[in-house]
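Notes follow the structure.
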Amino acid sequence: MSENETTDDLSQVLRHRREKLDSIIERGIQPFAYNFTPTSTTAATITSFEVMESAEALGENGHGERVTVGGRIVGWRDMGRSVFAHMEDGHGRVQLYFRKNVIGEESFESLSLLDVSDWIGAEGPTFRTRTGEVTIQVESWTLLTKSLRPLPFGKVETDPETGERKVYGGFQDQEMRYRQRYADLAVHPDVRDVFRTRSRVITELRRFLDDEGFLEVETPVLQPLYGGASAKPFVTHHHFLDQTMYLRIADELYLKRLIVGGLDRVYEISKDFRNEGLSKVHNPEFTMLEWYQAFSDYEDQMDLVERMVLHVLDTVMGERVIRVGDDVIPVTVPFRRLGLVSGLSEALGEDVHEMSEADLRAKAEELDVPDLDGAGRGKLIDKLFGELVEPGLVEPTFVIDHPKELSPLAKTHRNDPRLTERFEMYIGGAEIFNAFSELNDPIDQRERFEAQSTLRDAGDDEAQQIDDDYIRALEYGMPPTGGVGMGVDRLVMMLTGQTSIRDVILFPILRNEE
RNA sequence: GACCCGGUAGCUCAGCUGGAAGAGCAACUGACUUUUAAUCAGUAGGUCGUGGGUUCGAGCCCCACCCGGGUCACCA
């Protein structure tokens with residue numbers, strides 16, 4: 001039976017499909033068509049029928065419009081001299097009805113060569129079956145692509161009253177769903193919807209910033225020095241230059257060089273790369289949106305973030321709520337603003353500014369906060385805040401005015417030299433935005449870099465490098481600037497109610513197969 | 001990185017105290033011209049994640065490893 005060893009190795013199911021392919025070719029049917037021109041989609045076919053029906057415009061035999069549709073077979077019920085099937089395209093699904101005395105003997109016999117997950121085109125008038133489903137009475141059909149590997153469709157039961165879909169069996173294995181995202185998408189319409197939403201969110205973020213007068217720019221992914229965030233980079237090598245290169249961990253320093261150059265409102269949507277662990281909210285490559293606006297400070301940027309979030313909710317979601325798992329969180333402006341130090345003081349019941357580093361450390365140890373080695377005052381405050389306050393930040397909240405040590409690229413707070421003008425915006429306990437009044441004093445910036453360098457020498461491999469070229473740019477003069485970074489993946493998680501970042505990234509990072 | 005759970009037919013899973021590898025769906029053959037988790041009859045399909053070990057005998061027990069999920073840690 002089998003032509004060769006390769007075919008021998010295939011499972012029974014795959015072998016049967018190869019055999020059908022052979023039969024198709026023997027009958028002179030093209031199994032992988034070159035093109036097809038539908039006149040309608042599955043969704044439009046149904047809508048059109050319903051419109052004609054309610055206008056009492058149906059033709060003889062209750063037939064609606066004659067359509068030609070293309071799609072993938074997702075269900076098949078063989079009744080002998082008639083067959084019911086379901087077809088899906090990018091817009092929905094529609095039922096097909098094949099009758100032997102309508103399509104003819106030869107065409108009907110050829111149906112036995114079709115399988116679930118094949119792509120076909122079908123042509124005929126619409127009607128409503130006895131059980132009430134709008135269906136295409138197929139008069140002719142054509143094979144578009146023979147599928148040699150069945151998709152793991154489950155059995156779908158649709159409740160006739162509520163329209164709720166219940167899936168039996170199906171494709172559950174998370175690993176396989178991520179590795180074979182094409183199959184996951186093919187089988188799960190709701191997964192396709194998540195990524196459609198993601199795309200629309202990014203479109204609306206662009207539209208919002210474009211309308212605010214921002215210019216979209218592109219800056220290097222491959223960088224001789226990395227900076228703009230505290231993170232471990234991916235390291236690579238350029239052979240011709242014989243030079244070590246890093247994949248960017250942030251866009252920040254390049255975008256601010258553009259502000260120096262007079263491009264006064266810029267943004268970039270980019271993949272950033274951080275060589276760190278994986279979690280429900282961390283993928284090593286992720287999508288970042290950063291923007292910088294001359295003649296603004298972090299207060300202005302808080303207003304802009306509020307307007308941006310509302311714009312995305314209004315245009316994409318149609319409602320001002322965020323979903324975290326099953327929780328529905330209303331989004332209203334202005335968002336809550338909480339000083340990092342004052343919020344922590346409240347949680348501790350004493351003024352953090354009055355506490356010594358030793359006091360802070362004792363508190364942290366008392367609470368079993370891990371990894372305190374080498375933590376300075378700022379780090380201790382941050383850790384305590386993370387432990388005591390952050391988990392409660394479910395409604396949209398700006399956490400503002402971080403300790404200076406934690407923020408080497410932010411301006412010193414105009415009213416308190418111990419703090420910086422910075423905010424992080426949290427929703428549902430996750431950080432989504434991070435912003436500052438950008439530090440534009442080149443002398444101060446060099447000192448901050450040097451402090452980072454000291455941390456680096458002390459073993460902190462996430463501390464930032466000194467970027468002399470960036471300081472040179474600041475010496476030419478950067479106007480007062482507010483800048484914001486946003487985790488696009490995390491925002492999409494919030495909007496689509498996904499609890500894992502992997503469910504909003506089409507191809508999340510996985511270990512190699514085998 | 002630590003701990004917990006998992007990996008058995010194409011898919012979803014069961015498999016008792018160690019004693020002849022199972023079910024449903026999918027597939028294949030046949031019946032059925034308005035079904036919709038179609039139905040009915042029959043057939044076939046297995047490297048039990050991998051490699052060792054214990055045992056008369058291992059899907060099951062032991063050791064190591066691989067892969068994934070979850071929790072924690074790391075990650076502003």
- Query: With a 4.0 Å cut-off on heavy atoms, is A:His402 in touch with a base, just the backbone sugar-phosphate, or nothing at all?
  - Reply: nothing

- Message: Protein within reach of the bases, or only the backbone? For nucleotides 39-49 of chain B, mark each nucleotide 5' to 3' as B, S or -, using heavy atoms under 4.0 Å.
- Response: -----BS----

- Item | Nucleotide nearest A:Asp115 when distance is taken to its side chain, options B:rC28, B:rU34, B:rU12 | B:rC28

- Task: Give A:Phe153 one of three labels, base, sugar-phosphate or nothing, depending on what nucleic acid heavy atoms sit under 4.0 Å from its own.
- Result: nothing

May I have the list of side-chain donor-acceptor pairs in residues 93-103 of chain A shorter than 3.5 Å, sequence neighbours left out?
residue	atom	partner	partner atom	Å
A:Arg93	NE	A:Glu88	OE2	3.4
A:Arg93	NH2	A:Glu88	OE2	2.9
A:Gln95	OE1	A:Arg77	NH2	2.8
A:Gln95	NE2	A:Thr135	OG1	2.9
A:Arg99	NE	A:Asn101	OD1	3.3

- Query: Looking at residues at least two apart in the chain, or sitting in another chain, which of them share a side-chain contact (heavy atoms from CB on, under 4.5 Å) with A:Thr145?
  - Reply: A:Phe32, A:Trp119

- If the C1' atom of B:rU43 is compared with that of B:rG51, how far apart are they to the nearest Å? 36 Å

- When the P atoms of B:rC5 and B:rA64 are considered, how many whole Å apart are they? 15 Å

- B:rA76 OP1/OP2 closer than 4.0 Å to side-chain N/O of A:Arg422: no

- Roughly how far, to the nearest 0.5 Å, is the CE atom of A:Met308 from the CE atom of A:Met486? 6.5 Å

- Message: Side chain of A:Val13 only, heavy atoms from C-beta on: which candidate in B:rA37, B:rC67, B:rA26 is closest?
- Response: B:rA26

- Got A:Phe195 and A:Leu185 here, is their nearest side-chain heavy-atom distance under 4.5 Å? yes

- Task: Identify which nucleotide among B:rC13, B:rA37, B:rC28 has an atom closest to any side-chain atom of A:Lys20, counting heavy atoms from C-beta outward.
- Result: B:rC28

- Can you find a donor-acceptor N/O pair under 3.5 angstrom joining the side chain of A:Arg81 to the base of B:rU33? no

- Determine whether more than 12 heavy atoms belonging to other residues, nucleotides or ligands lie under 6.0 Å from atom CD of A:Glu346. no

- Kindly point out which of B:rU35, B:rU33, B:rA37 is positioned nearest to the side chain of A:Glu157? B:rA37

- Is any N or O donor-acceptor pair between the side chain of A:Ser82 and the base of B:rU34 shorter than 3.5 Å? no

- Please measure how far the P atom in B:rG49 lies from the corresponding atom in B:rA14, and state the result in whole Å. 13 Å

- Message: Just to be sure I understand the geometry, which residues of residues 430-440 of chain A put a non-hydrogen atom under 4.0 Å away from RNA chain B?
- Response: A:Glu431, A:Asn434

- Can any side-chain N or O of A:Glu421 pair as donor or acceptor with the backbone N or O of A:Phe436 at less than 3.5 Å? no

- Note on the structure: Separation of B:rA76 atom C1' from A:Ile381 atom CD1, nearest Å, is 14 Å

- Task: Determine the interatomic distance between P on B:rA27 and the same-named atom on B:rC66; round to the nearest Å.
- Result: 38 Å

- Query: Is the shortest side-chain N to carboxylate O distance from A:Arg27 to A:Glu109 below 4.0 Å?
  - Reply: no

- Message: Need one value for A:Arg177: base, sugar-phosphate or nothing, where a base atom within 4.0 Å counts as base even if backbone is also close, heavy atoms only.
- Response: nothing

- Looking at B:rU35, B:rU33, B:rA76, which one has an atom nearest to any side-chain atom of A:Gln464? B:rA76

- Identify which nucleotide among B:rC28, B:rG68, B:rA38 has an atom closest to any side-chain atom of A:Arg179, counting heavy atoms from C-beta outward. B:rG68

- Query: In terms of side-chain geometry, is the basic nitrogen of A:Lys383 or A:Glu387 positioned less than 4.0 Å from the acidic oxygen of its partner?
  - Reply: no

- Within a strict 4.5 Å, meaning less than it, do heavy atoms of the A:Thr412 and A:Lys404 side chains meet? yes

- Message: When you compare the side chain of A:Leu409 with that of A:Gln464, does any pair of heavy atoms fall below 4.5 Å?
- Response: yes

- Item | Residue-phosphate contact under 4.0 Å: A:Arg99 side-chain N/O, B:rU34 OP1/OP2 | no

- With heavy atoms under 4.0 Å as the rule, sort A:Gln137 into base, sugar-phosphate or nothing. nothing

- Task: Applying ring pair (Phe, Tyr, Trp, His ring centres under 6.0 Å), name anything that partners A:Tyr226, two or more places apart in sequence or on another chain.
- Result: A:Tyr246

- Taking for A:Lys100 and for A:Glu424 the nucleotide of RNA chain B with the nearest heavy atom, the one nearer the 5' end belongs to A:Lys100

- Between B:rC74, B:rU33, B:rG68, which one does the side chain of A:Leu510 approach most closely? B:rG68

- Have a look at A:Asp173 and say if it touches a base, only the backbone sugar-phosphate, or nothing, with a 4.0 Å heavy-atom cut-off. sugar-phosphate

- Note on the structure: Of B:rC28, B:rU35, B:rA76, the nucleotide closest to the side chain of A:Glu133 is B:rU35

- Item | Side-chain N or O of A:Lys383 closer than 4.0 Å to phosphate OP1/OP2 of B:rC74 | yes

- According to a 3.5 Å limit on both distances, what stems of 3 or more consecutive Watson-Crick or G-U pairs are formed with RNA chain B? B:1-7 with B:66-72, B:10-13 with B:22-25, B:27-31 with B:39-43, B:49-53 with B:61-65

- Does A:Phe423 reach the side chain of A:Val399, with side-chain heavy atoms less than 4.5 Å apart? no

- Message: Measuring only between side-chain heavy atoms, which start at C-beta, is A:Phe153 closer than 4.5 Å to A:Ser117?
- Response: yes

- Message: Applying a 4.0 Å non-hydrogen cut-off, can you work out what A:Lys280 is touching in the nucleic acid: base, sugar-phosphate, or nothing?
- Response: sugar-phosphate

- Query: Does a side-chain heavy-atom distance below 4.5 Å link A:His63 with A:Thr126?
  - Reply: no

- Ignoring the backbone of A:Thr129, work out which of B:rA37, B:rU34, B:rU12 is nearest its side chain. B:rU34

